[in-house]
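Below you'll find the structure, written out as structure tokens, and then a few comments.
In this chain, numbering begins with 1 at the start of the sequence shown. What you see below is based on every heavy atom in this structure, not just the backbone, and it leaves out hydrogens, waters and symmetry mates.
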Amino acid sequence: MAKIKQKTKRAYAKRVKITGTGKVMSKHANRSHLAHNKSTKQKRHLKKDVVMKKSTLKTLKYAL
């Protein structure tokens with residue numbers, strides 16, 4: 001019996017990007033609404049992508 005290849009979890013794939021060195025980049029949380037409560041500096045820093053933590057990488061790479 002042949003082993004079936006696992007499909008990519010499209011929800012993850014649309015939200016993250018893998019760099020050439022293998023790091024996983026994603027968007028910051030807390031940016032979608034209630035922006036009037038946040039400072040301009042905080043909103044500016046939330047625009048940038050962030051490297052995901054090692055603790056979440058194991059499950060994420062399995063899904064991708």
Hey, does Met52 have a side-chain heavy atom less than 4.5 Å from the side chain of Leu57?
->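 Yes; the side chains approach each other to less than 4.5 Å.
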Salt bridge (charged side-chain N to carboxylate O under 4.0 Å, His left out) contacts in which one or both residues fall within residues 43-57, not counting sequence neighbours = Lys27-Asp49
Going through the checks in order, is the side chain to side chain contact (heavy atoms under 4.5 Å, CB included) test met by Gln42 and Asn30?
-> CA-CA 10 Å; Gln42 186 178 5; Asn30 306 316; 5.9 Å; no
Distance-minimising heavy-atom pair for His28 and Arg31 | O-CB, 4.4 Å
Any chain of hydrophobic side-chain contacts (each under 4.5 Å) joining Val16 to Val51?
-> no
Hey, could you give me the NZ/OG1 distance between Lys14 and Thr8, rounded to the nearest 0.5 Å?
->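 Going from NZ on Lys14 over to OG1 on Thr8, the span is 11.5 Å.
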Any chance NZ of Lys17 has more than 12 other-residue heavy atoms, nucleotides or ligands included, within less than 6.0 Å?
-> no
Full working for side chain to side chain contact (heavy atoms under 4.5 Å, CB included) between Met25 and Thr19 | CA-CA 7 Å; Met25 305 294 288; Thr19 64; 3.5 Å; yes
